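See below for the structure under consideration.
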Amino acid sequence: MLKHHSLKKLALATLLVVSSSSVWADTSLTVAQRQDPNSWDPIDTFLVAWSSAGGSLFDGLVLRDENLKLQPGLATSWEILEDGLRMRFKLSEGVKFHNGEDFNADAVKFTFDRLLGEEGAKGPQRSNYLSIKSIEVVDDHTVDFVMNAPDPVMLTKLAGYGAMIVPPKYITEKGDAHFNMNPVGTGPFKFKSYTQGDKLELVINPDYFGGKPKLDNLTYRFIREDATRLAELQAGRVDVVHDIAFSAIPTVKENDSIEIVSVAGPSIMSYQFNTKAGITKDLKVRQAINMAVDKKVLIDAFLGGYGTPIDSLQGKLSFGYDPDLKGYPFDPEKAKQLLKEAGVKPGTEITIDYRANNAAVGEISQAMTSFLQNVGLNAKLKPIESSVFLNDIVPKGKTDELFQFTWGGWTFDFDNTAYLIYHDGERWNPYGTSEEMNKLLEAQRSIVDQDERLKILRQVGQLAHDNAYHLPLYNEDTIYAVSKKVKGFVPAPDRRMRYLTTTVEE
Amino acid sequence: MRALFRFEFLAGLVLLTLVGGAVALSPWLFPDSGKTMDFLARLTPPFVNEAHWLGTDPMGRDILERVVVGGKISFIVGIFSALGAVTLGTVIGLLAGYYRGFWDSFLMRFADIQLALPFILLAITVIAIIGPGLDRIVILMIVAQWVQYARLVRASVLSLREAEYVQAAKSYGLPDRKIIFGHILPNAMGPLIILATLNVANNILLESSLTFLGLGIDPLTPSWGGMLADGRNYIQTAPWITIFPGLAIMFTVLGLNLLGDWLRDYLDPLGKTNT
């Protein structure tokens, strides 16, 4: 009898413990990503690895949501004055940095003075913001951006890394080196600890102005090897993996406790032509090569279907995307005919250059040779060591007929891509385009009317297509591998994850 | 004669004949040299499709074809580089160890310099200058590896030159050439053969690292090391891409080791084991 009674008690006690733990236990999420940015100062970096973790620590005046729409961030509203030469921002009131410092107009001025000044000159972010002349404090919660020239992409850039608002007092007192390792912002999570090359630990900021996050702890682990990151996820020691190799997708799909979450992303894959030398000097040859490659097959075979074919160097989320642009169809017969017209004999050699250290790029390049073979071109491959390829071969115009070209395009504005690859004299345009192209690109930079800009950017896309400067292949999806314990996971196309609505169920 | 019926000799011979024979016949067996891609058949597992007995790789190329055809590059790189390095290293080691003095210091300082250079750095520099290619890879490996053999041989020679039979040969007035090749070299062969057979396997793999870095042969040409590198990302989902070239390397090296063992015993002038 006594025994029975105590058993009941035990059961009751167990029940209590179990239920209370599910109510009171902290919810923690662990994310694994490939790269450690090594500094958390927003203006030190252009790495996606920074933003996928740093986005939880900092806010900009403007925020970009998961649908890539610009939303008020630390600014509640803004207006464009003097034909785009002045932008006025109203700031949120009552917001504090994680260390208790007030967020106000002075913090905005400090942030941009720092970015455009000596500290910013050391990093790569500054060049994106050079259209800003100065910041004028109107009152405690109003600031004016005085511009050198109108910048139609400035609002988007204010949601970018370099424009994250940083605490003036903290940085002045502790110094930049301390700030790099112990970041303080206004974001939904506060900094707890950072071990270089290992992990970054964050805890909830319960006073976040955008609403309290549902997670108590958010940890980022930096694991270089693709296979190790996946193994950690399979073992349950990690809940989300940010960089998953396309070749690992079947493994993930076989596992019942993990799922793939994907969203259209900004990255594009293409091959550019050497328009100054070899058979690709001829427009017909370039058009023929465009018709020789079946993009759909490449996407299905090598990306597991996680991509979309493109006809210009942007995805459909990009501002400047033209749904009416008619790409070159996959038509090997027409391609052979064009090659014949151009006087290219079957069996002519053509060489493809590509970055050697990326297995996926290597596979796509190998597949390319098969398509080119099919129309009678004898394609050779030349893998080139990555830094030589990016710093010497491409910018100095030493490539063979074709060279592989990938582009991030985080602003999702075609200007950011097109200007740098089509305007003469730019680093990624070693072989030049045309005066007409230069004029179009320059014209859209000084127009604030977005409809007018869109029209011009579409003309740019059409012109590039007509001249077949390149072979656009596909727009890659951004994919995440996520444990099924994780609920409310909202994938960000640009990998700037915020984990505001995410929870973990045990 | 009895030496020819030893297990090591027969097993080694059978393994190498099988692998080498298939490789030698590959131009007739597989005239398209394993380059044909079929994206619809990519990553076919082995033993399910009659057209692809050993399965296919991520490009839909037949693994059996590529293993057989790829052996050519691997054999050439593995065996020629080891032979070249053995020859060069042995000559230098013999000269340095036998004559001592100026030549010894001179050649061994060269060896020290060579050892101080990391291989990949040397490879990137040399290939940046002379360009990639099969012959260049073999030369590069010889340049990088002769030192090991030279040091090994020199160490043996240093003790052998003091041995009584060498001293006796000298007192008979035999020329240096006969002493070196007739009395010293055969006694220094044992460890040399072991090291050389190990290096063959090493160099087959090294070729793949060079190809992966873009310093080696055309990535479309199959080679065992290159196939291992291609399969690395698929080890969990499609292990057959790496298993079959891996087995080919294993059998080749095993065969070479067995033959090496046998040869060492056969050449053993004291006849310790070959009774």
Side-chain angles (χ1 to χ4, degrees), chain A residues 225-228 230-231 234 244-255 293-294 296-304 349 351-374 378-389 392-393 404, chain B residues 32-45 56-62 66 120-129 131-133 137 207-223 226-242:
Chain A
E225 270 299 312
D226 287 348
T228 316
L230 186 59
Q234 287 169 320
I244 192 101
F246 286 111
S247 57
I249 290 174
T251 320
V252 176
K253 283 193 169 159
E254 273 170 26
N255 192 318
V293 178
D294 190 344
K296 191 83 181 66
V297 164
L298 287 179
I299 294 166
D300 288 344
F302 298 99
L303 306 189
E349 248 182 48
T351 305
I352 305 175
D353 299 348
Y354 63 98
R355 267 160 61 188
N357 61 344
N358 185 323
V361 166
E363 285 186 357
I364 296 288
S365 300
Q366 294 202 19
M368 284 279 294
T369 64
S370 169
F371 286 119
L372 295 179
Q373 206 82 46
N374 197 25
N378 183 13
K380 298 268 175 233
L381 292 181
K382 199 197 269 179
I384 296 169
E385 201 267 323
S386 197
S387 62
V388 176
F389 183 73
D392 186 41
I393 303 292
Q404 166 252 335
Chain B
D32 79 326
S33 356
K35 287 184 178 173
T36 308
M37 303 180 193
D38 177 4
F39 299 131
L40 294 177
R42 70 192 292 270
L43 301 177
T44 309
T56 59
D57 74 355
M59 300 286 138
R61 292 174 298 207
D62 189 73
R66 286 176 72 75
I120 294 293
L121 180 70
L122 184 74
I124 292 177
T125 318
V126 170
I127 286 175
I129 298 168
I137 290 188
E207 180 267 311
S208 79
S209 340
L210 291 176
T211 299
F212 191 69
L213 286 171
L215 305 173
I217 54 161
D218 175 6
L220 291 171
T221 309
S223 75
M227 292 177 75
L228 291 188
D230 285 348
R232 215 176 51 152
N233 283 333
Y234 294 89
I235 196 91
Q236 272 188 327
T237 43
W240 59 88
I241 303 172
T242 34

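In this text, all values refer to a predicted model and were calculated from it rather than measured experimentally. Reminder, nothing fancy here: chain letters follow the sequence lines and each chain counts from 1.
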Which answer fits [X], side chain, backbone, both or neither, if we ask what part of it has an atom under 4.5 Å from a heavy atom of chain B?
| X | result |
| --- | --- |
| Phe371(A) | side chain |
| Leu230(A) | side chain |
| Ala245(A) | neither |
| Ala367(A) | both |

TODO: Could you check if a side-chain atom of Pro58(B) sits within less than 4.5 angstrom of a side-chain atom of Ser247(A), using non-hydrogen atoms only?
DONE: no
- [ ] Enter the distance from Thr251(A):OG1 to Ile235(B):CD1 here, rounded to the nearest 0.5 Å.
- [x] 11.5 Å
Open item on the list: Please report the interatomic distance OG1(Thr36(B)) to CD(Gln373(A)), rounded to the nearest 0.5 Å.
Closed with: 9.0 Å
For the residue pair [X] and [Y], what are the closest heavy atoms and their distance?
| X | Y | value |
| --- | --- | --- |
| Leu220(B) | Ala379(A) | CD1-O, 3.8 Å |
| Thr237(B) | Pro250(A) | CG2-CB, 3.8 Å |
| Gln366(A) | Met37(B) | O-CE, 3.0 Å |

- [ ] May I have the step-by-step check of side chain to side chain contact (heavy atoms under 4.5 Å, CB included) for Gln236(B) and Glu254(A), ending in yes or no?
- [x] CA-CA 11 Å; Gln236(B) 272 188 327; Glu254(A) 273 170 26; over 6 Å; no
Open item on the list: If you count heavy-atom pairs within less than 4.5 Å of chain B, which of Leu381(A), Asp300(A), Asp226(A) leads?
Closed with: Leu381(A)
- [ ] Measure up the Phe302(A) and Phe39(B) rings against each other and bin them: parallel (under 30°), tilted (30 to 60°), perpendicular (over 60°).
- [x] perpendicular
